[in-house]
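Inspection log for the structure reproduced underneath, given as structure tokens.
In what follows, every chain begins at residue 1, and chains take the letters A, B, ... in the order their sequences are listed. Only a predicted model underlies this, so the values are computations on that prediction, with no experimental measurement involved.
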Amino acid sequence: MPELPEVETVRRGLSTLVTGARIDAVEVRRDSCVRLLPGGAAEFAAELTGLRLSRLARRGKFLWAEVAPRAGDDAPVLALSAHLGMSGQFRVHDAAVAGVPDPHPHCRARLGLGDPDLTLDFLDQRTFGYLHVEPLVPTPDGGPGGEGTPLPLVPASVAHIGRDALDPALDLAAASRALRRGTRGIKQVLLDQTVVSGIGNIYADEALWRARVHPERPAHALTASSARALLVATQDVMRDALDQGGTSFDALYVNVNGESGYFSRALEAYGRAGEPCSRCGAPLTRASIGGRSTHWCARCQRRWSARRANPGS
DNA sequence: ATGTCATCCTGCAGGC
DNA sequence: TGCCTGCAGGATGACA
């Protein structure tokens, strides 16, 4: 499942290939992949045609292009935003290199680009992803919208999403405080994109494992230091994944496959139920928590703080 | 305000 | 062999 590192890998790939390109044609192959427009797919196409993708930006798992009449315009008129959901992918085809194939059965939309001449396909097997054309609005904190843009603007539908774990403008102290609020289990808070964004089910389990925090520990029961350590663990695991994600894809095939390949070998908790914890050897546990499959080490990750009353033992 | 739950959808794994 | 059921997942909106 594409989480922050995968979406960032896609953003970088797209940024290299399609920045500045003009949108010449828009073909929506499945109407439901376009969200929230009264005029539906026709309005989506009409709004975009003739404009240019001036910059590729990302906050958490939300990806967007600033769209403007001219390339590199710092007064974009719209955002072309995308969420990959569970299975969204972008593929770029260069007719001059390998020709443009017939659309894949899972292709939901195809954009014909000019200058450079490319075809940009949006594929989505499970159809939880979407494309959207919408206005850009000021960021609530006045900082840059996200990775890839200096402008203090985000698509309207992203305005309520918190800064992501790798955002240099993330306020670590405020985020740690937000993480400790409420009665929900800490894993559910990690997955709440309005607190700190970009974390999905896989990296939530990995970060909790690294920080030795039980996924069901009530958020308010975390100490300030363990909340901070958890946030740092989240950043570390995402950076590690990003380092590996960057190496395993080639320029014209912008890959978003969360489970096949690169980082899955480095996972310590997710998908490893029954296998020994690499830290302590105890078998890893799996259960459904808040409707999400969750993996942890019952020995290393205690439900309550491991602070001992009898330090001598 | 806060938290929980069903919902969208498709492909695959498992059971019989 | 083939059908059927259930599950996986992110975000949202309805509801308690």
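A/Glu8 meets the salt bridge (charged side-chain N to carboxylate O under 4.0 Å, His left out) test with A/Arg11, A/Arg12, A/Arg58; sequence neighbours excluded. Remark: A/Glu47 pairs with no residue by the salt bridge (charged side-chain N to carboxylate O under 4.0 Å, His left out) rule, at least two apart or across chains. Looking at residues two or more places apart in sequence or on another chain, you find a salt bridge (charged side-chain N to carboxylate O under 4.0 Å, His left out) between A/Arg29 and A/Glu27. Remark: A/Asp117 pairs with no residue by the side-chain hydrogen bond (donor to acceptor under 3.5 Å, both in side chains) rule, at least two apart or across chains. For A/Arg180, there are no salt bridge (charged side-chain N to carboxylate O under 4.0 Å, His left out) partners, not counting sequence neighbours. In this structure A/Thr194 satisfies the side-chain hydrogen bond (donor to acceptor under 3.5 Å, both in side chains) test together with A/Asp192, sequence neighbours excluded.
Taking atom CZ of A/Phe62 as the reference point, atom C1' of C/dG10 lies 8 Å away to the nearest angstrom. C/dA8 atom C1' lies 9 Å from atom CZ of A/Phe128, rounded to whole Å. Going from atom CZ of A/Arg35 over to atom C1' of C/dG10 covers 10 Å, rounded to whole Å. Atoms CD (A/Gln193) and P (C/dG13) sit 15 Å apart, rounded to a whole Å. Rounding to whole angstrom units, NE2 of residue A/His132 and P of C/dG10 are separated by 21 Å. In this structure, the NE2 atom of A/His83 is 11 Å from the C1' atom of C/dT12, given to the nearest Å. Atom CD in A/Gln188 sits roughly 15 Å away from atom P in C/dA11 (whole-Å rounding).
Residues in residues 276-288 of chain A take part in no salt bridge (charged side-chain N to carboxylate O under 4.0 Å, His left out) pair, two or more places apart or across chains. Sorted by first and then second residue, the pairs that involve residues 134-144 of chain A and meet side-chain hydrogen bond (donor to acceptor under 3.5 Å, both in side chains), not counting sequence neighbours, are A/Ser81-A/Glu134, A/Glu134-A/Ser157, A/Asp141-A/Arg163. Among residues at least two apart or in separate chains, salt bridge (charged side-chain N to carboxylate O under 4.0 Å, His left out) pairs with a member in residues 99-112 of chain A are A/Arg110-A/Asp121.
Near DNA chain C, meaning a heavy atom under 4.0 Å away, the residues from residues 290-298 of chain A are A/Arg292, A/Ser293.
Axis angle, first five pairs versus last five pairs of the helix from B/dT2-C/dA16 to B/dC16-C/dG2: 50°, rounded to 10°.
Rounding to the nearest 0.5 angstrom, the gap separating the CG atom in A/Asp243 from the OG1 atom in A/Thr9 is 9.5 Å. The CZ atom of A/Arg217 lies 9.5 Å from the CG atom of A/Leu230; values are rounded to the nearest 0.5 Å.
Two residues, A/Arg108 and A/Gly185, neighbour DNA chain B, and the one matched to the more 5' nucleotide by heavy-atom proximity is A/Gly185. Residues A/Arg181 and A/Gln125 each lie close to DNA chain B; by heavy-atom proximity, the contact nearer the 5' end of the strand is made by A/Arg181.
The pair A/Lys61-A/Asp164 does not count as a salt bridge, with every side-chain nitrogen at least 4.0 angstrom from each carboxylate oxygen.
A 4.0 Å heavy-atom criterion places the boundary nucleotides of DNA chain B facing chain A at B/dG3 to B/dG11, written 5' to 3'.
A/Arg30 comes within 4.0 angstrom of the backbone, heavy atoms only, and of no base. Residue A/Ser32 is out of contact with every strand shown, counting any heavy-atom pair closer than 4.0 Å.
Side-chain atoms of A/Glu3 lie closest to C/dG10 of the nucleotides C/dT12, C/dA11, C/dG10.
Contact annotation: A/His160 side-chain N/O to C/dA11 OP1/OP2 distance is not under 4.0 Å.
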